[in-house]
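Order of the sequence lines sets the chain letters (A, B, ...), proteins ahead of strands, with each chain counted from 1.
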Number of protein chains: 2
Amino acid sequence: MLLQSALSRAEQASERAEISLTSKRKNVLALLMAAERPVSAYELADLYREGFEQSVPPMSIYRMLDFLTENNLAHKLNSENKFISCAHATCEHSHGAPQFLICEQCHKVKEAAIDKSIFIELEKAVEKAGFVLTNPQLELKCLCNECAQAGKQTD
Amino acid sequence: MLLQSALSRAEQASERAEISLTSKRKNVLALLMAAERPVSAYELADLYREGFEQSVPPMSIYRMLDFLTENNLAHKLNSENKFISCAHATCEHSHGAPQFLICEQCHKVKEAAIDKSIFIELEKAVEKAGFVLTNPQLELKCLCNECAQAGKQTD
DNA sequence: GCCGGAAATGATATACCATATCATTATCGG
DNA sequence: CCGATAATGATATGGTATATCATTTCCGGC
Ligand SMILES: [Zn+2]
Ligand SMILES: [Zn+2]
Ligand SMILES: [Zn+2]
Ligand SMILES: [Zn+2]
């Protein structure tokens, strides 16, 4: 079961991060990991009820998500109003500026670090325009190869 | 009055674009231009009532915004759930992939074209990850120089 | 000018996302 | 055990977005 392996991964992450990952936070993280796609806070509340047979109010989910995102165990996709587990939640990989490739068709998301050279060029361009980059997170609307392929056939 | 000059600019834009820019759409565009910052559809409904002494339901505002964004006269900032007039609404400048620098402090926004070399590198990186860039629009959380300066003093 | 279809707008309902606030419970060192 | 702090629950409310059907406006053909 996906949830099972996600749980053990969340366990590992919890041990690595020296932070108070309570059982509910861990469960929310596990649900995010099992989802493998962005989910909303309200969806998580539903998933929690179904997966753990306990009702958790959305308000609490939001707070747990705050915690998880502050600790880079999860991310918020601002352009989607959804959340996703960090691709590096289970490795010690230090967390740089993330970049999300979002398939507009199947909503699969791939997280990667922003390419170093791109990052530097971006910073330069921003500075030139009279701004300072503070919280770089790129969310790029794409098609995954599968969906791009499928699209071509029906064109 | 800002609205007045925005109206004439909207007029120009309307003439340039060979599209059916109705008077209400033009008014919404004028309001966006006068705002000079991102505004929500519901804010626009309020502004419309105040500015033109006529009540327009949010639903209609959304539709007019759809039209304006489809024709690159306005843009939606997906990460803010707000709308902004296109910086090139009044020039014949063909519209490439836009990039928005958003001041997290004062919410000023600057629109610029994505730097060509950055765009190419982005496309390469995306392709390498098994995706195809479809609708490139960068929304970068920044501080404008004024706010960055102000921030330093109070640190 | 009248007519009929298409486009635009209005009206209403509803779903979904997010936060504010106060109450309650869990946790932990002393 | 106590008191402080952190975490969670409960409730209310606000903000954003869409679905659907009704009405009006616009425009070309007659
Ligand atoms: Zn991450
Ligand atoms: Zn896909
Ligand atoms: Zn533009
Ligand atoms: Zn600023």
Side-chain angles (χ1 to χ4, degrees), chain A residues 10 14 17-32 35 37-49 51-71 73-84 102 104 107 139 141, chain B residues 10 14 17-32 35 37-49 51-71 73-84 102 104 107 139 141:
Chain A
S14 137
E18 287 170 355
I19 49 182
S20 56
L21 195 53
T22 65
S23 78
K24 289 197 173 161
R25 286 168 175 173
K26 204 183 308 177
N27 287 346
V28 168
L29 178 55
L31 289 170
L32 274 179
R37 62 176 182 86
V39 288
S40 76
Y42 281 80
E43 286 179 272
L44 277 172
D46 293 341
L47 291 171
Y48 199 103
R49 192 168 351 88
F52 299 101
E53 277 145 20
Q54 184 185 6
S55 167
V56 176
M59 195 56 270
S60 297
I61 299 284
Y62 271 107
R63 280 184 297 228
M64 295 165 198
L65 286 170
D66 284 346
F67 174 86
L68 294 174
T69 55
E70 278 165 13
N71 289 283
L73 292 171
H75 300 291
K76 173 165 191 182
L77 294 179
N78 296 311
S79 60
E80 310 274 297
N81 295 322
K82 291 193 163 49
F83 299 84
I84 188 171
I102 306 170
E104 288 183 297
H107 301 104
E139 302 180 19
K141 308 282 187 162
Chain B
S14 136
E18 287 171 354
I19 49 182
S20 57
L21 194 53
T22 65
S23 78
K24 288 198 173 162
R25 287 169 174 172
K26 204 184 307 178
N27 288 345
V28 168
L29 178 55
L31 288 169
L32 273 178
R37 60 176 182 87
V39 289
S40 76
Y42 282 80
E43 286 179 90
L44 277 172
D46 292 342
L47 290 171
Y48 199 104
R49 193 169 351 88
F52 299 101
E53 276 145 21
Q54 183 186 7
S55 167
V56 176
M59 196 56 273
S60 297
I61 299 284
Y62 272 107
R63 280 184 297 231
M64 295 165 197
L65 286 169
D66 284 346
F67 174 87
L68 294 175
T69 55
E70 278 164 14
N71 289 284
L73 292 171
H75 300 291
K76 173 164 189 182
L77 295 179
N78 295 311
S79 61
E80 310 274 297
N81 296 323
K82 290 192 162 53
F83 300 84
I84 187 171
I102 306 170
E104 288 184 295
H107 301 105
E139 302 180 19
K141 308 281 186 162

[N] [atom2] sits how many Å from [X] [atom1], rounded?
| X | N | atom1 | atom2 | value |
| --- | --- | --- | --- | --- |
| B:Asn27 | C:dA8 | CG | P | 16 Å |
| B:Glu43 | D:dG15 | CD | P | 9 Å |
| A:Leu44 | C:dA18 | CG | C1' | 14 Å |
| B:Leu68 | C:dA8 | CG | P | 12 Å |
| A:Lys24 | C:dT24 | NZ | C1' | 12 Å |
| B:Asp46 | D:dG14 | CG | P | 14 Å |
| A:Tyr48 | D:dA7 | OH | C1' | 13 Å |
| B:Leu65 | C:dT9 | CG | P | 11 Å |

Can a side chain N or O of [X] be found less than 4.0 Å away from OP1 or OP2 on [N]?
| X | N | value |
| --- | --- | --- |
| A:Lys82 | C:dC17 | yes |
| B:Ser20 | C:dA8 | yes |
| A:Asn81 | C:dA18 | yes |
| B:Lys76 | D:dA17 | yes |
| A:Thr22 | D:dT8 | yes |

Quiz item: Of all the nucleotides listed (C:dA18, D:dG9, C:dA8), which has the minimum atom distance to the side chain of A:Phe83?
Solution: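 Side chain of A:Phe83 sits closest to C:dA18.
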Quiz prompt | Closest nucleotide among D:dT16, C:dA18, C:dA20 to the A:Met59 side chain | solution =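 Nucleotide nearest to A:Met59's side chain: C:dA20.
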Quiz item: Just by distance, do the side chain of A:Glu139 and the backbone of A:Asn78 share a donor-acceptor pair under 3.5 Å?
Solution: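 Yes: the side chain of A:Glu139 pairs with the backbone of A:Asn78.
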Quiz item: Can you find a heavy atom in the side chain of B:Thr22 that is under 4.5 Å from one in the side chain of B:Asn27?
Solution: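 Side-chain contact under 4.5 Å: no.
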Quiz item: Side-chain donor or acceptor of A:Tyr42 under 3.5 Å from a matching atom on the base of C:dA18?
Solution: yes
Exercise. Assign A:Arg63 to base, sugar-phosphate, or nothing according to its heavy-atom contacts below 4.0 angstrom with the strands shown.
Key: base
Practice problem: Pick base, sugar-phosphate or nothing for B:Ser40, based on heavy-atom distances below 4.0 Å to the nucleic acid. | Solution: sugar-phosphate
Quiz item: Can you name the one residue among B:Leu44, B:Leu47, B:Leu73 that meets side chain to side chain contact (heavy atoms under 4.5 Å, CB included) with B:Leu32?
Solution: B:Leu44
Practice problem: Hey, which sits more toward the 5' end of DNA chain D by its nearest nucleotide, A:Met64 or A:Pro58? | Solution: A:Met64
Quiz item: Taking NZ, NE, NH1 and NH2 as the nitrogens, is one of them in B:Lys141 or B:Glu80 under 4.0 Å from a carboxylate oxygen of the other?
Solution: yes
Quiz prompt | N-O pairing of B:Asp46 and B:Arg49 below 4.0 Å | solution = yes
